[in-house]
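Here the structure is laid out as structure tokens; the discussion comes afterwards.
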There are 2 protein chains.
Amino acid sequence: MSTQGRGLHGHVLDILGPEITAGEYPPGSVLRTDELAHRFDVSRSVMREVVRVLESMRLVESRRRVGVTVLPICEWNVYDPQVIRWRLAGADRPRQLRSLTVLRSAIEPVAAGLAARNATAEQCAELTECALGMVAHSRGQQLEAYLVHDMAFHRVVLTASGNEMFARLGDVVAEVLAGRTHHDVMFDDPDPAAVTLHVQVAEAVRERDAARAEELTRQITVGALQELDILAPRVEF
Amino acid sequence: MSTQGRGLHGHVLDILGPEITAGEYPPGSVLRTDELAHRFDVSRSVMREVVRVLESMRLVESRRRVGVTVLPICEWNVYDPQVIRWRLAGADRPRQLRSLTVLRSAIEPVAAGLAARNATAEQCAELTECALGMVAHSRGQQLEAYLVHDMAFHRVVLTASGNEMFARLGDVVAEVLAGRTHHDVMFDDPDPAAVTLHVQVAEAVRERDAARAEELTRQITVGALQELDILAPRVEF
DNA sequence: TCTCTTGAAAACGTCTTACTAATGGGCTTC
DNA sequence: GAAGCCCATTAGTAAGACGTTTTCAAGAGA
């Protein structure tokens, strides 16, 4: 599921983007538009469009007489979904997974609290449905079905918060959850305690108990962090 | 401080981007590359590069035989610093300011907690210095000088957290703080309670008291939210 | 020898033109 | 009325020429 297989432009981006985010060109490296165009066998026009996009992601900077310079990580637009996908697919996947999980631990509890205030009746119903789906598939090697409901659950919470910045993290959280199931070691069945917590969050939101929804969600994210510490301890801090 | 006045490309972007984020073209509106090129008096090449960048921000989508379609807000990359700047400069500034402040209230307490664990001795010193600077300029119409130290304080906390996702929000927080001082009604002097809280956060971080740093920062952000409610109640939720 | 000036080379920036390709809508046909 | 074909439309790609800025080095002068 690359972003835009459409067009030569998207194709080149799908190769060059991951290379840069993987750190194959150290910060300060200089690429030449013409060379890249030749390498990918595309016209300079196409190559220029690719560079423009990379530039808007702050992965590179283009300067006259110098070339296309790779920027240090601290400059990157690390919230760009495309950049996140590239990094998750690449070498510093563990690091990215950790920073995203920490991000979740900050965002989701607050989002859940807001959801308890702002969720529509329909969203409350969706939430309950997702939680029940998680329960239903929590035993007997049904990780895929479980994952679907888990992703949906968190997406509904973030959307129901009513804050667009939170809502936009739905995709990111989904990828983190999917990553946990697909790439990393995952226990045969999800932690029963976590399943229960999801059900309780749905309850709390339905009952408009913001404080409880927040606290329960905090427990979920703390659990996710601990799980990460067990599987891949001390990758960064 | 527009992103890149460099080049025709940047110039067109600085006009078209704000127009789109201001909602001047309702979602589903169709723009034609040729028309835009003619309107801005640039070549189609330049216009195509602009469209590519807008596309990477998910503000528009380009399809053959159709044109450049404006996407609904829910598709936008709302974490793109450029998009944030455009929106802050435009019509839905209040809405953007509110969602960013809510975001702050989720992120900063957690970041402060992490900072208490991870901050270097140098960062602790910087933090104290910033807090003292805030105190020094907290009375007598020195809002500008106060703002400088306030922005620096929060940037250091976010950086010291050691999480790159948090660190990258330094600019955003700075713009929110600057916006509060410059564009919105601001009391003559900053709230003394807030000043004290900053000093205490610096203390807590220095003493490695994560829980206290988190709780104190939570009070700061809650204050910011309340302030927003007083100045511009009920803009969205 | 050091500095300042000047010039040229290098790389991106822009424009133009031509051509290709896909796709949505209208037209025809059954 | 439905299905399928055809074409106008608009973006996608390519190639080449020229402009512009920036850097760096060579040369002139002190």
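Every residue two or more places apart in sequence or in another chain that forms a side-chain contact (heavy atoms from CB on, under 4.5 Å) with A152(B) is listed here: C130(B). With sequence neighbours left out, the side-chain hydrogen bond (donor to acceptor under 3.5 Å, both in side chains) criterion links R52(A) to E55(A), H9(B), E49(B). Under the rule for a ring-ring contact (aromatic ring centres under 6.0 Å, His included), Y25(B) has no partner lying at least two apart in sequence or in another chain. Taking the side-chain contact (heavy atoms from CB on, under 4.5 Å) definition, one finds that V148(A) meets it with nothing, sequence neighbours left out. Applying the side-chain contact (heavy atoms from CB on, under 4.5 Å) rule to R65(A) yields no partners; only residues at least two apart in sequence or on another chain are considered. Judged as a side-chain hydrogen bond (donor to acceptor under 3.5 Å, both in side chains), and not counting sequence neighbours, the contacts of E35(A) are R32(A). The side-chain hydrogen bond (donor to acceptor under 3.5 Å, both in side chains) test applied to E129(B) returns no partner, not counting sequence neighbours. When the ring-ring contact (aromatic ring centres under 6.0 Å, His included) test is applied to F166(A), no partner is found at least two apart in sequence or on another chain.
Atom-to-atom, CD of E55(B) to P of dA11(D) comes out at 11 Å; the value is rounded to the nearest Å. Here the C1' atom of nucleotide dA11(D) and the CG atom of L54(B) are 15 Å apart, to the nearest Å. Rounded to a whole Å, the CZ atom of R48(B) is 11 Å from the C1' atom of dA14(D). Taking atom CD of residue E49(B) and atom P of nucleotide dT13(D), one finds them 13 Å apart after rounding to whole Å. Look at CG on L13(A): it is 12 Å from P on dT13(D), rounded to the nearest Å.
Between S45(A) and R52(A), the residue whose closest nucleotide on DNA chain C is further toward the 5' end is R52(A). Comparing D34(B) and D41(A), the nucleotide of DNA chain D nearest to each residue sits closer to the 5' end for D34(B).
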Distance-only criterion, 3.5 Å: show the donor-acceptor pairs between side-chain atoms of residues 68-76 of chain B and protein atoms not counting sequence neighbours.
from: E75(B); atom 1: OE1; to: R58(B); atom 2: NE; distance (Å): 3.4
from: E75(B); atom 1: OE1; to: R58(B); atom 2: NH2; distance (Å): 2.6
from: W76(B); atom 1: NE1; to: L71(B); atom 2: O; distance (Å): 3.1

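Between Y79(B) and Y79(A), the ring planes lie parallel to each other; the angle is under 30°, not in the 30° to 60° tilted range.
Contact annotation for R32(B): backbone-only contact, meaning every heavy-atom pair under 4.0 Å involves sugar-phosphate atoms and none involves a base. Contact annotation for V51(B): no contact, since no heavy-atom pair falls under 4.0 Å across all strands.
A heavy-atom distance below 4.0 Å to DNA chain C is reached by these residues of residues 63-70 of chain B, ordered by number: R63(B), R64(B), R65(B), V66(B).
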Output a table of nitrogen or oxygen pairs between the protein and nucleotides 4-6 of chain D separated by less than 3.5 Å.
none

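Set against dA11(D), dA17(D), dA14(D), the side chain of R44(A) has dA17(D) as its closest nucleotide.
Between the side chains of H38(A) and D34(A), not a single donor N or O lies within less than 3.5 Å of an accepting N or O.
Mapping heavy-atom proximity under 4.0 Å, the span of DNA chain C touched by chain A runs 5' to 3' from dA9(C) to dT14(C).
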